[in-house]
Amino acid sequence: MCGGCVGTEYPERGTTCLEGGSFLLNFVGCAQCGRRDFVLVGNRAAGLHDGEEIVTYDHLCKNCHHLIAHHEYTFSVVDDYQEYTMLCLLCGRAEDSISILPDDPRQMTPLF
């Protein structure tokens, strides 16, 4: 992975977890060939591990195939919530949790 290709290493992305694609606003250009072009996705792998869906892939320079960053996305169901995480030098780090119930108990206001 290359810190010279990105503006900010592991930027905080709040709840934005990407299962695919690239955060191009953080890509300043390839440190190896010096060009700023599209970013390719390579070596994509998806699978289940202990009930958790894990998707990994590499961000590669379109021109010289330099490895910009390794991307990891996870999804799991814990209790009544869908849990998402993302960790990537280019795309950043993020976590999200969404209730699978019709009404999210965390969003309910007490009646009394």
Side-chain angles (χ1 to χ4, degrees):
M1 297 189 300
C2 182
C5 296
V6 299
T8 304
E9 294 184 11
Y10 300 101
E12 183 58 49
R13 298 293 304 280
T15 59
T16 304
C17 297
L18 304 175
E19 183 178 355
S22 305
F23 182 44
L24 294 179
L25 291 175
N26 193 33
F27 180 56
V28 296
C30 179
Q32 184 168 315
C33 70
R35 298 184 67 183
R36 186 173 193 267
D37 208 337
F38 290 107
V39 175
L40 299 176
V41 170
N43 303 320
R44 185 177 171 89
L48 290 173
H49 182 69
D50 293 332
E52 184 174 70
E53 178 186 354
I54 301 173
V55 176
T56 60
Y57 57 89
D58 293 332
H59 295 287
L60 305 168
C61 173
K62 176 185 172 192
N63 300 296
C64 69
H65 298 279
H66 172 70
L67 177 63
I68 298 165
H70 181 73
H71 189 103
E72 182 175 300
Y73 165 88
T74 63
F75 167 80
S76 62
V77 176
V78 178
D79 297 327
D80 292 332
Y81 296 92
Q82 295 175 336
E83 304 284 336
Y84 303 87
T85 64
M86 175 184 72
L87 184 62
C88 176
L89 181 77
L90 174 65
C91 299
R93 61 177 171 263
E95 294 181 351
D96 198 7
S97 177
I98 301 170
S99 175
I100 60 175
L101 301 173
D103 296 314
D104 188 343
R106 296 175 299 187
Q107 305 298 324
M108 307 273 298
T109 56
L111 297 174
F112 300 99

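Starting from 1, each residue takes its place in the sequence as its number.
Clustering ILVMFWY residues whenever any of their side-chain heavy atoms sit less than 4.5 angstrom apart, transitively, puts I98 in the very cluster that holds Y73. Each of V39 and V28 belongs to its own hydrophobic cluster when Ile, Leu, Val, Met, Phe, Trp and Tyr are linked at side-chain heavy-atom distances under 4.5 angstrom. Note on V41: it does not cluster hydrophobically with L18, by side-chain heavy-atom contacts below 4.5 Å among ILVMFWY residues.
Considering OH of Y81 and OG of S99, their distance stands at 5.0 Å, rounded to 0.5 Å. Taken from SG in C33 to NE2 in H65, the straight-line distance is 10.0 Å, to the nearest 0.5 Å. Once rounded to the nearest 0.5 Å, the distance linking SG of C88 with CZ of F23 reads 10.5 Å. Within the model, atoms NZ of K62 and SG of C30 stand 13.0 Å from one another, a figure rounded to the nearest 0.5 Å. Separating the CG atom in N63 from the CG atom in D37 is a distance of 5.0 Å, to the nearest 0.5 Å. Here the CD atom belonging to Q32 is positioned 7.5 Å from the SG atom belonging to C61, to the nearest 0.5 angstrom.
Counting only residues at least two apart or in different chains, side chain to side chain donor-acceptor pair (under 3.5 Å) contacts with residues 6-16 comprise E12-R93. Pairs of residues two or more places apart, or lying in two chains, that qualify as ring-ring contact (aromatic ring centres under 6.0 Å, His included) and include a residue from residues 29-62 are Y57-H59, Y57-H71, H59-H71.
Counting only heavy atoms from C-beta outward, the side chains of V55 and R44 approach each other to under 4.5 Å. Inter-residue side-chain proximity for M86 and C91 is flagged as met; some heavy-atom pair is nearer than 4.5 Å. At a threshold of 4.5 Å between non-hydrogen side-chain atoms, the residues F75 and E83 do not count as touching. When side chains are defined from C-beta on, L67 counts as touching L60, because their heavy atoms get closer than 4.5 Å.
At distances below 3.5 Å, at least one donor-acceptor pair connects side-chain atoms of N26 with backbone N or O atoms of L90.
By the neighbour-count criterion of 12 heavy atoms within 6.0 Å, atom CD of E95 is sparsely surrounded, having that number or fewer from other residues, nucleotides or ligands.
Here the closest heavy-atom approach between residue F27 and residue I68 is recorded as CE1-CD1, 3.5 Å. Counting all heavy atoms, side chain and backbone alike, L89 lies closest to A69 at CB-CB, 3.8 Å.
Checked against side-chain contact (heavy atoms from CB on, under 4.5 Å), H70 has the following partners two or more places apart in sequence or in another chain: M1, T56, D58.
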